[in-house]
Amino acid sequence: MRLRKKMAKKLSIIFMALWLTGCAPFTENNIIEELTPVTFLSLSKGDEGKIKISTILPSLSKEKKSVITQEVSLIKEVLRSFNLNFYQEMKFGQMRMLIINEDLGRNEGIMSIINVLLTDPDISLRIYLVIVKGNFEEYLENQLDKQENLDYSFYRMLKHYEEKNQGELSVVNLHEFKKLLYTPYSDPFLPVFKIENDAISYEGTALFQNDKLVEIITTYDDRIFQLLHNDHYLAVLPIPELQVVLGHVRSKTKVDINKSLSTMTYTVNIDSRIEEYRGEKQLFDPQDLEDFKKDIQSNLEKQTQELVKKMQELNVDPLQLGIHTLKPFSKPMDEKKWIELYKKMDIKIKYNININPLTDANSKRQNL
């Protein structure tokens, strides 16, 4: 009896100790000198169905940095593989970017990758997702000697364009991608960067059908996409065919669908001003300016019509046009039915352009 009492007393002490230390017999290593945060992961296709994952280590200390790469079958395996090749324990809690190779996005889709990130409580939903064309690991190897804080500079650039919201490029975080992926009547998109001649530059926007990359839109098409959907604003919009650059372009869009859901009218109202013109029209002349506005309107309508047609053929809806079929007090349309309607729908594009009249600044100065 006395022995039982002693055993019960010992067990109660152990229980209290576990309770006070978080109810777990093992605690995670949180000694900062023994940890190194992973700021980004780069994913590409490996051999035999594996995923090649790379990062830079150490990410924050002043030691010389190097690229570390492992091929794994499952993404979570990589943490163990990295840890066995580095003297500090790696943690995902400070991850800022996930860089995915174009081939991986096109051929296999990124649903499984996204789900791994979403179920990890250590990974923030604010991390940026980026598609890269070219060998990003090789680019890192070549550039590390020239630019030690390469990863931090890339992150700051994405953060800058997200905060300034000037429509220069698509910036998408994990939360936004998840929302577009799992919400009916929408398809996700991501920014694309291209590696060429030891330099990385913005290429355009990748369009996804569900989780698979199906098309990359670049240059003029990408500018129109930013204007219609992403930011509704462009600091500058060059139209090379008309030798003009529009500045401070703001758009408001309106969508009308007929009752039979066979025709959609997509109206874009634009306010802008001319920043540069190298053509032969006399834009100080009101009639010439009016004719030029019609030329711009016609050019934008033609280009946008082709872009929307391409989206219909690819069966992707990044503009979320299907949302406009929703009506109060009525049952939402089945998503599969919308996809069938969307492919056949006659979508008419209409632009209304308001350009601030030009003033002769030099003549004003002379009259002062």
Side-chain angles (χ1 to χ4, degrees), residues 105 109-111 114 118 125 128-129 131 161-162 165 167 169-192 204-217 221-234 249-270 300-301 303-352:
I110 61 174
M111 181 84 79
I114 297 302
L118 290 172
L125 294 179
Y128 298 120
L129 304 182
I131 296 290
Y161 283 109
E162 181 187 46
N165 200 26
L169 51 87
S170 299
V171 181
V172 181
N173 64 38
L174 179 59
H175 172 72
E176 292 164 336
F177 188 87
K178 179 201 74 171
K179 192 176 171 186
L180 290 169
L181 182 62
Y182 290 113
T183 303
Y185 310 123
S186 66
D187 285 301
F189 58 91
L190 287 179
V192 181
T205 300
L207 305 181
F208 285 75
Q209 187 188 68
N210 296 320
D211 70 318
K212 274 197 176 183
L213 193 162
V214 292
E215 181 72 8
I216 296 174
I217 53 173
D221 280 347
D222 187 48
R223 310 292 285 172
I224 289 176
F225 179 72
Q226 306 297 331
L227 193 59
L228 296 185
H229 175 61
N230 197 22
D231 289 324
H232 298 280
Y233 176 77
L234 287 174
V249 190
R250 297 182 186 279
S251 71
K252 287 182 182 176
T253 58
K254 183 185 174 190
V255 176
D256 294 305
I257 305 179
N258 67 352
K259 286 185 180 177
S260 63
L261 302 177
S262 60
T263 304
M264 174 183 288
T265 305
Y266 195 93
T267 306
V268 186
N269 296 305
I270 280 184
L300 286 170
E301 285 175 352
Q303 197 71 26
T304 307
Q305 191 78 60
E306 290 174 3
L307 176 61
V308 171
K309 186 72 179 171
K310 185 188 293 183
M311 290 175 180
Q312 285 181 281
E313 289 170 355
L314 293 168
N315 198 17
V316 297
D317 185 13
L319 297 176
Q320 300 180 68
L321 298 177
I323 288 176
H324 299 281
T325 62
L326 300 177
K327 293 178 182 176
F329 312 114
S330 62
K331 186 180 176 183
M333 185 191 305
D334 182 76
E335 191 178 3
K336 287 183 181 176
K337 186 179 177 183
W338 159 246
I339 291 170
E340 290 303 313
L341 283 171
Y342 175 62
K343 285 192 287 189
K344 300 171 187 172
M345 188 171 273
D346 179 18
I347 300 179
K348 298 178 178 177
I349 306 296
K350 185 181 176 185
Y351 271 79
N352 296 317

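Note that the numbering runs from 1 along the sequence shown for the chain.
- Ile110 has its side chain within reach of Phe177: a pair of non-hydrogen atoms, C-beta onward, lies under 4.5 Å apart.
- Scanning both residues, Met311 and Phe225, for their nearest heavy atoms gives CE-CD1, 4.0 Å.
- Rounded to the nearest 0.5 angstrom, Ile323 CD1 and Trp338 CH2 are separated by 10.0 Å.
- Heavy atoms only, all atoms of each residue included: Asn173 and Glu162 are closest at ND2-OE2, 3.8 Å.
- Not counting sequence neighbours, Asp222 has no partner by the salt bridge (Lys or Arg N to Asp or Glu O under 4.0 Å) test.
- In this structure the side chain of Leu341 reaches within 4.5 angstrom of the side chain of Met333, judged on heavy atoms.
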Check your understanding: Please walk me through it: do Ile270 and Leu227 pass side chain to side chain contact (heavy atoms under 4.5 Å, CB included)?
Key -> CA-CA 9 Å; Ile270 280 184; Leu227 193 59; 3.7 Å; yes
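- Here the side chain of Ser186 pairs a donor or acceptor atom with the backbone of Leu180 at under 3.5 angstrom.
- With Leu314 as the partner, the side chain to side chain contact (heavy atoms under 4.5 Å, CB included) test is satisfied by one option alone out of Lys343, Lys309, Glu215: Glu215.
- For the atom pair CG of Asp256 and OG1 of Thr265, the computed distance is 6.0 Å after rounding to the nearest 0.5 Å.
- Taking the side chain as every heavy atom from C-beta outward, Leu118 and Leu125 approach each other to under 4.5 Å.
- A heavy-atom distance below 4.5 Å is found between the side chains of Tyr266 and Val255.
- Between His232 and His229, the angle of the ring planes goes over 60°, which puts this pair in the perpendicular group of the 30/60° scheme.
- Of all non-hydrogen atoms in Asp221 and Gln303, the two that sit nearest each other are OD1-NE2, 3.0 Å.
- Here CD of Gln209 is found 5.0 Å from CG of Asn315. Values are rounded to the nearest 0.5 Å.
- Side chains of Ile347 and Tyr342 form a contact here, defined as non-hydrogen atoms less than 4.5 Å apart.
- Put simply, the side chain of Asp317 never gets that close to the backbone of Asp187: no donor and acceptor are under 3.5 Å apart.
- Minimum heavy-atom separation, Thr304 to Leu300: OG1-O, 2.7 Å.
- Taken from CD1 in Ile257 to OG1 in Thr263, the straight-line distance is 10.0 Å, to the nearest 0.5 Å.
- In this structure, OG on Ser170 lies 9.0 Å from CG on Leu207, to the nearest 0.5 angstrom.
- Here the shortest heavy-atom pairing between Leu307 and Ile224 reads CD2-CG2, 4.0 Å.
- No side-chain heavy atom of Asp211 sits less than 4.5 Å from a side-chain heavy atom of Ile114.
- Considering every non-hydrogen atom in both Tyr185 and Glu335, the closest pair reads N-OE2, 3.6 Å.
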Exercise for review: Begin with the C-alpha distance, continue with both residues' side-chain angles, and end with the deciding distance and a verdict on side chain to side chain contact (heavy atoms under 4.5 Å, CB included) for Glu176 and Leu129.
Suggested key: CA-CA 10 Å; Glu176 292 164 336; Leu129 304 182; over 6 Å; no
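- Side-chain contact between Val172 and Leu190 is present, with at least one heavy-atom pair separated by less than 4.5 Å.
- Here the straight-line distance linking atom OG1 of Thr253 with atom NE2 of His324 works out to 6.5 Å at 0.5 Å rounding.
- Side-chain contact between His175 and Lys178 is present, with at least one heavy-atom pair separated by less than 4.5 Å.
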